[in-house]
Amino acid sequence: MDSIEAAEAWRAARPRSAKDKRRVEGTDNASKPTSPEEQAATVEGQGWRGLSAVERIERHREQLESRLNFAGAEARRWKDTDPELSRKWLALASQLAARAPALESKLADALERAKVTVQTVDAQRTFLVFFSQIRNALETAPAGLAGKVNPTDLLHAREVLEHWRDSLFRRWNEFPTVTPPEVMARLWKEAGGD
């Protein structure tokens with residue numbers, strides 16, 4: 001361009017978003033966007049009110065990725081015919097890429113804040129109920145399995161299975177706990193333990 005007026009006329013003839021493009025063309029029909037930049041522009045204004053913080057950040061990330069892909073494609077397209085324009089698109093792509101890590105960090109923080117957490121005591125209560133069922137099954141297993149393990153000597157088979165079960169229980173009792181013993185005892189009783 002050799003003048004400001006020529007540059008302004010060139011800019012006016014080339015819309016920046018799908019909305020501007022429809023206005024220039026004189027139509028407000030919602031046609032399908034053709035480029036990633038237009039796709040990002042149409043998504044930007046739709047349905048933001050009901051989104052959670054995580055969904056908003058994910059939407060921003062999608063838009064940034066679309067714009068970055070578009071800038072990279074334009075840089076490659078103009079590489080041979082207009083190196084200066086290609087450099088401008090590369091600079092834009094570089095600026096967009098520089099914003100990506102901060103957005104990823106923000107998304108990770110939002111995901112961390114959105115996690116559902118459980119109190120330690122509630123988690124232990126849930127697992128104690130589950131493990132009490134396993135313990136009950138193990139306590140009754142030697143009597144039920146003795147005949148299958150050694151049909152000719154039921155008493156010996158039962159003694160071996162009980163010894164294995166008791167050693168397993170001793171090892172479990174040696175595991176460290178994060179809850180005071182009196183709380184564990186109360187939880188264990190609530191779970192149906194002795």
Side-chain angles (χ1 to χ4, degrees), residues 32-33 36-37 39-40 42-73 93-194:
K32 186 175 180 181
E37 186 176 55
Q39 290 173 359
T42 58
V43 168
E44 190 170 333
Q46 297 177 1
W48 284 84
R49 286 194 189 123
L51 298 179
S52 69
V54 172
E55 291 169 328
R56 285 174 187 262
I57 296 170
E58 285 176 338
R59 185 81 56 94
H60 280 294
R61 184 178 62 175
E62 290 169 6
Q63 290 177 3
L64 180 66
E65 187 176 320
S66 293
R67 290 181 176 139
L68 180 59
N69 290 339
F70 182 77
S94 176
Q95 290 172 2
L96 292 170
R99 291 171 36 197
L103 194 55
E104 289 295 330
S105 176
K106 192 174 180 181
L107 177 61
D109 289 344
L111 286 170
E112 186 64 31
R113 283 192 303 277
K115 277 185 182 175
V116 176
T117 58
V118 178
Q119 294 286 329
T120 303
V121 173
D122 293 335
Q124 286 175 329
R125 182 179 290 118
T126 301
F127 283 108
L128 281 174
V129 168
F130 174 72
F131 287 126
S132 69
Q133 294 171 356
I134 294 173
R135 185 178 186 116
N136 291 337
L138 287 172
E139 285 177 349
T140 59
L145 292 174
K148 295 178 181 174
V149 171
N150 190 352
T152 58
D153 192 357
L154 294 175
L155 186 60
H156 178 67
R158 186 172 180 167
E159 287 174 1
V160 169
L161 288 169
E162 286 174 349
H163 176 71
W164 171 81
R165 178 200 63 200
D166 293 342
S167 67
L168 181 65
F169 287 159
R170 276 192 297 280
R171 281 183 286 173
W172 282 355
N173 288 334
E174 293 171 2
F175 292 156
T177 61
V178 293
T179 305
E182 62 275 4
V183 175
M184 286 299 290
R186 181 176 52 80
L187 290 173
W188 179 249
K189 282 186 181 181
E190 289 176 9
D194 297 334

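As the structure is a prediction and not an experimental result, all values here were calculated from the model. Below, each value reflects all heavy atoms present in this structure, side chains not excepted, and no hydrogens, waters or symmetry copies.
Atom-to-atom distance recorded for Leu168:CG and His163:NE2 is 11.5 Å, nearest 0.5 angstrom. For the atom pair CG of Leu154 and CG of Leu145, the computed distance is 11.5 Å after rounding to the nearest 0.5 Å. Going from atom CZ of Arg59 over to atom CZ of Arg56 covers 9.5 Å, rounded to the nearest 0.5 Å. Considering CG of Leu64 and CG of Asn69, their distance stands at 9.5 Å, rounded to 0.5 Å. Atom CG of Asp153 is separated from atom CD of Glu159 by 8.0 Å, given to the nearest 0.5 angstrom. Rounding to the nearest 0.5 angstrom, the gap separating the CD1 atom in Ile134 from the CZ atom in Phe127 is 10.5 Å.
Salt-bridge formation is not detected for the pair Arg61/Glu65: no Lys NZ or Arg NE/NH1/NH2 atom is positioned less than 4.0 Å from an Asp or Glu carboxylate oxygen.
Scanning all heavy atoms of the two residues, the minimum distance from Leu107 to Glu58 falls at CD1-CG, 3.7 Å. Ala157 and Ala146 make their closest contact through CB-O, 3.6 Å (heavy atoms, listed as atom of the first residue, atom of the second, distance). Listed here is the closest heavy atom pair of Ile57 and Ala110: CD1-CB, 3.6 Å. Between Arg165 and Leu138 the shortest heavy-atom distance is CD-O, 3.2 Å. Of all the heavy atoms in Val149 and Leu161, the pair that sits closest is CG2-CD1, 4.1 Å. For Pro142 against Glu162, the heavy-atom pair with the smallest separation is CB-CG, 3.6 Å.
Residue Phe169 qualifies as enclosed at atom CZ: its count of foreign heavy atoms under 6.0 Å is above 12.
Within the 4.5 Å cutoff, the side chain of Gln95 has no heavy atoms near those of the Arg99 side chain.
Side-chain atoms of Ser105 never come within 3.5 Å of backbone atoms of Ala102 as a donor-acceptor pair (strictly under, hydrogens ignored).
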